[in-house]
Amino acid sequence: MSDTTQLTSEQIAQYRIEFADNENALIALDVIEEWEGDLADAAESIATRNGIEGVEDNADFRWFVIVVNKCRDTICQPKYETLREKYLPVLIPPLTDVIAGCFMCPPGVAGLLSAIVTVYIQEEGMDKFCQNSTDS
């Protein structure tokens, strides 16, 4: 997984349209914009600002990579196959649950982070994203 996925301002604008009905996603896009499109920096900034522990603890992996891998373990299971076909906004609720449970995040913070992970999945492509789970 590349932890340097960056969005252009045009991509951010497109995601604003796709997430128009999701307040947490729009807030997450504001943070992504603050970090000049860098998804990992934006997610880690949200976590740090909200007192989530462990963001800076691991020298081997970026915290965002750990979050994405936890989400991959769940969302790539066969029972989510139908959901995955619909992509973006429908992925946010189950990812929010995963992030809240695994990283002890309040639901609002988990919602912000799940929006960023959803964008990451969209940028990588669902097939490639789930293929990586069988490679590791």
Side-chain angles (χ1 to χ4, degrees):
M1 170 199 162
S2 168
D3 63 358
T4 59
T5 300
Q6 284 200 252
L7 301 180
T8 65
S9 55
E10 293 81 14
Q11 289 170 302
I12 293 170
Q14 183 60 41
Y15 281 115
R16 286 188 192 287
I17 293 166
E18 290 186 58
F19 289 134
D21 295 333
N22 186 314
E23 185 179 348
N24 276 341
L26 294 173
I27 293 167
L29 288 168
D30 289 342
V31 178
I32 292 169
E33 204 163 44
E34 279 177 40
W35 287 94
E36 298 177 355
D38 189 301
L39 299 181
D41 285 346
E44 291 169 3
S45 173
I46 288 170
T48 302
R49 291 179 197 177
N50 287 282
I52 305 304
E53 294 183 18
V55 177
E56 298 174 3
D57 291 351
N58 196 329
D60 296 330
F61 291 104
R62 287 197 71 166
W63 184 80
F64 183 66
V65 174
I66 295 166
V67 171
V68 166
N69 286 336
K70 284 284 186 194
C71 291
R72 178 182 288 118
D73 291 346
T74 298
I75 218 66
C76 294
Q77 292 177 20
K79 69 181 180 179
Y80 288 106
E81 191 168 354
T82 307
L83 182 67
R84 290 194 311 260
E85 291 171 6
K86 295 182 177 136
Y87 271 36
L88 283 178
V90 272
L91 288 177
I92 292 176
L95 291 177
T96 298
D97 292 344
V98 170
I99 292 170
C102 291
F103 298 97
M104 308 311 267
C105 298
V109 176
L112 296 172
L113 295 170
S114 66
I116 295 174
V117 172
T118 300
V119 169
Y120 175 83
I121 293 169
Q122 174 72 17
E123 290 301 309
E124 184 164 307
M126 184 60 78
D127 290 340
K128 183 178 177 187
F129 179 76
C130 286
Q131 179 65 40
N132 286 342
S133 71
T134 61
D135 291 346
S136 36

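- A heavy-atom distance below 4.5 Å is found between the side chains of R62 and E44.
- Applying the salt bridge (Lys or Arg N to Asp or Glu O under 4.0 Å) rule to E33 yields the partners R16; only residues at least two apart in sequence or on another chain are considered.
- Looking at heavy atoms from C-beta onward, I92 lies in side-chain contact with N22 at the 4.5 angstrom threshold.
- Nearest heavy-atom pair, C105 versus I99, reported as atom, atom and distance to 0.1 Å: SG-CG2, 3.9 Å.
- Here the closest heavy-atom approach between residue P94 and residue I75 is recorded as CG-CD1, 4.1 Å.
- For E23, there are no salt bridge (Lys or Arg N to Asp or Glu O under 4.0 Å) partners, not counting sequence neighbours.
- Between Q11 and Q6 the shortest heavy-atom distance is OE1-O, 3.9 Å.
- Going from atom SG of C130 over to atom CG of D73 covers 10.5 Å, rounded to the nearest 0.5 Å.
- A heavy-atom distance below 4.5 Å is not found between the side chains of F103 and L113.
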Derivation and outcome, side chain to side chain contact (heavy atoms under 4.5 Å, CB included), residues M126 and I121
CA-CA 6 Å; M126 184 60 78; I121 293 169; 3.5 Å; yes

Might you work through the side chain to side chain contact (heavy atoms under 4.5 Å, CB included) test for V98 and V117, ending with a clear yes or no?
CA-CA 11 Å; V98 170; V117 172; over 6 Å; no

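- When hydrophobic clusters are built by joining Ile, Leu, Val, Met, Phe, Trp and Tyr residues whose side-chain heavy atoms come closer than 4.5 Å, directly or via intermediates, V68 is grouped together with V55.
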Trace of the side chain to side chain contact (heavy atoms under 4.5 Å, CB included) decision for L7 with E123:
CA-CA 9 Å; L7 301 180; E123 290 301 309; 3.7 Å; yes

Go through the steps for I116 and I46 under the test side chain to side chain contact (heavy atoms under 4.5 Å, CB included), then give the verdict.
CA-CA 10 Å; I116 295 174; I46 288 170; 3.6 Å; yes

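- Side-chain contact between P93 and D97: absent, with no pair of heavy atoms (C-beta onward) separated by less than 4.5 Å.
- Contact record, A42 with W35: CA-CD1, 3.7 Å, taken as the closest heavy-atom pair.
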